[in-house]
Amino acid sequence: MPDPAVPPTPPVPLAALLAREDLGLRQIAGPADASAVVHWAHTSEMADPYPYLLGGELLLTAGVHIPEAAGSGTYFDDYVSRIVAAGGAALGFGVAPVHDTVPRALVAACDAFELPLIEVPPRTTFSAVARAVWQLMAQARHAELRRVTEAQQSLAAAASRPDPVPSVLRQLAQRVGGWAVLYGPDGTEVAVAGRGAERAKAAGGPEAREVREALAGLARIVRPTATAPPAGSAPTGPVASAGSAPTGPVASAGSAPSGPVTSAGPGRSAPASPASATDTVAGVHLAAYSLGAGHGFVLGIGAPQRDHGDHTIASVAAVLLSLLTGEHQSGSGAARSSALVRLLLGAPAQDVAPLLGGERWVVVHARPDTLAAPDPVAASALGAALGSPLVDVAREVVRVLLPADPEPAPQPGWTLGVSAVAGPREWAAADVQAGRALARARATRAGLVRYGARPALADLVPEADAEAHARALLARFDATPALTDTLRTWLSLHGSWDRTAVALDVHRNTVRQRIAKCAALLELDLDDPDVRMELWFALRRP
């Protein structure tokens, strides 16, 4: 029979329900199993409840369906066997108004089929039992959420320590009450953390070796680069303990087989790897999580029990470990670190660029659409969206250096200015171009503006003469940079007071006052198009 389709909520221990004094429930048959749990309560008076059960229920009945001659035949055996076949967790029998006592034949059938039988006293309604189940479930859910939240906080704190990988493993092992292993791309144990008893159990002895090999087998299943072993080799999946039925690993994501992985034969690939897989061997619960396709690291976990919330906690740890191992172990990360070191040591940019991934580059300047300054997390997210980890947060602007292909696309929540395509020798000039493009984008309220690369009239004037002319014309603004910025923005927007005020985040009257001050200092008529052209030519100089 397939596993019951239980809800994604913590189950309620049957013992906790029996302990409720307000209900007065009493178990009168079936095994007294402390681990028995109930996922929900369901009332039915059908003679065959099988079609109406999903599994994990506390089935409540008053015995309306029981015929008068039921005690002399196989009615109760058939009835209880169908509940067990449907995955029912327990049977609650209400005493009164139909029956004064629980039928003896029903008690015997529950003992025979090992189904817990609960006597519900006359004063307790079935709705009160169902409400108690949901109350206990809500309490368990709240406790689980609190546990997961605390675990997430402790794992994040561990990731910020000087030794992040061992710290995360230690914290994870503590939270799941077992041990944690980080497997490298070649399957070796890179780091192990956990309580001494579990580590000792995983280190020696036949049963311990079996558990250790089973966890390593799960790691091979989920490793993205895993391929099938050569023909004739030993199975790679875990082996069930002697005397117990083999359970086989259960893989998530629906892309891996549910049993142990065996040889696929020479020249054949193993099935696609899942994100995670679980198994239970020798009473130890095992789980393995892939840390991503880029580098082949795998997180393995072993614990004496598997609680609700453990998967969420392990998934958080897997994400943190993926970030910690991926950045330092990937080829691109190593090349990028090497390039930055060479630049710091004085290497020319054109010699370093090949390590970063190309010869054609653009510089992007970006500002968030909100008034808040960009933070490093948001800047990194922007860089990831544009396709480059080369990100710098400079005051209110985020600068990103990225390959020219593909072209940068607009990003929600950001205003972008993109430079012309440049080689490593022109990175500095491209940075200036991106800044100008961003100013134009903000002034025109466009999401993205690209710097125009075609020749302009300014290219006809020698650079030295143009700079000398600009310095002489704008010398009176040296002590007031705000006037220069305001005049440049105002001219770029064709003298619009409102649009200039929006671009500079100031009041329109402030713009008017600054432009009037500029006209007074320059002793020029700013309404004259020739004057505006000359000023614009000067203001465009770097």
Side-chain angles (χ1 to χ4, degrees), residues 4-46 49 52-66 70-71 76 79-80 82-84 86-150 177 304-310:
V6 296
T9 53
V12 173
L14 184 58
L17 195 61
L18 294 173
R20 290 280 296 257
E21 295 182 358
D22 58 318
L23 298 178
L25 304 180
R26 183 170 65 97
Q27 182 172 350
I28 59 176
D33 186 0
S35 63
V37 295
V38 172
H39 287 277
W40 42 35
H42 175 68
T43 301
S44 174
E45 296 297 342
M46 303 298 294
Y52 309 98
L53 300 181
L54 296 177
E57 297 95 345
L58 167 60
L59 179 62
L60 300 171
T61 179
V64 177
H65 57 88
I66 300 176
F76 287 111
Y79 177 71
V80 173
R82 293 291 282 173
I83 297 175
V84 173
L91 174 63
F93 193 91
V95 177
V98 181
H99 297 269
D100 295 333
T101 60
V102 180
R104 294 182 179 180
L106 179 59
V107 174
C110 288
D111 280 331
F113 288 92
E114 298 185 346
L115 177 68
L117 177 59
I118 311 300
E119 181 185 71
V120 182
R123 63 180 177 84
T124 302
T125 62
F126 288 172
S127 60
V129 176
R131 181 175 58 187
V133 170
W134 289 112
Q135 288 175 344
L136 292 171
M137 192 173 293
Q139 295 173 7
R141 180 61 172 168
H142 179 73
E144 177 192 344
L145 291 175
R146 184 172 61 249
R147 172 175 174 257
V148 170
T149 300
E150 293 174 351
Q305 64 181 24
R306 182 180 298 142
D307 295 327
H308 277 73
D310 283 354

message: Contact between Val12 and Val37 at the side-chain level, heavy atoms closer than 4.5 Å - yes or no?
response: no
- request: Ignoring hydrogens and angles, tell me if any N or O in the side chain of Gln135 forms a donor-acceptor pair with the backbone of Met137 under 3.5 Å.
  value: no
message: Using side-chain heavy atoms (C-beta onward) and a distance below 4.5 Å, is Thr43 in contact with Thr61?
response: no
field: Considering all heavy atoms, the nearest Gln27-Ala29 contact
entry: NE2-O, 3.1 Å
message: I'd like to know if the side chain of Trp40 reaches the main chain of Gly55, judged simply by a donor and an acceptor atom lying under 3.5 Å from each other, with no hydrogens or angles considered.
response: yes
field: Nearest-0.5 Å distance, CG of residue Leu58 to CD1 of residue Ile118
entry: 7.0 Å
task: Locate the shortest heavy-atom distance separating His42 from Tyr52; write the atom from each residue and the value.
output: NE2-O, 4.0 Å
- prompt: Looking only at heavy atoms, what is the nearest atom pair of Leu53 and Pro49, with distance?
  reply: CG-O, 3.3 Å
With a 3.5 Å cut-off and sequence neighbours excluded, list the donor-acceptor pairs that the side chains of residues 88-117 form with protein atoms.
residue	atom	partner	partner atom	Å
His99	NE2	Gly63	O	3.1
Asp111	OD1	Gly30	N	2.8

message: Does anything in residues 35-44 form a salt bridge (charged side-chain N to carboxylate O under 4.0 Å, His left out)? List the pairs, not counting sequence neighbours.
response: none
- request: Could I get the full list of salt bridge (charged side-chain N to carboxylate O under 4.0 Å, His left out) partners for Arg147, not counting sequence neighbours?
  value: Asp310
query: How far does CG of Leu136 sit from CZ of Arg141, to the nearest 0.5 angstrom?
result: 15.5 Å
- prompt: What pair of heavy atoms forms the shortest contact from Ala70 to Phe76, and how long is it?
  reply: CB-CE1, 3.7 Å
field: Spatial distance of atom CE (Met46) from atom CG (Leu59) [nearest 0.5 Å]
entry: 11.5 Å
query: Got a donor-acceptor contact below 3.5 angstrom from the Thr149 side chain to the Leu145 backbone?
result: yes
statement: Contacts satisfying salt bridge (charged side-chain N to carboxylate O under 4.0 Å, His left out) that involve residues 14-25 (not counting sequence neighbours) are Arg20-Asp22
- prompt: What pairs of residues pass the salt bridge (charged side-chain N to carboxylate O under 4.0 Å, His left out) test when at least one of them lies in residues 53-64, not counting sequence neighbours?
  reply: none
statement: Output for pair (His65 NE2, Glu45 CD), nearest 0.5 Å, gives 5.5 Å
- prompt: Taking only residues two or more places apart in sequence or in another chain, which ones pass side chain to side chain contact (heavy atoms under 4.5 Å, CB included) with Pro13?
  reply: Ala16
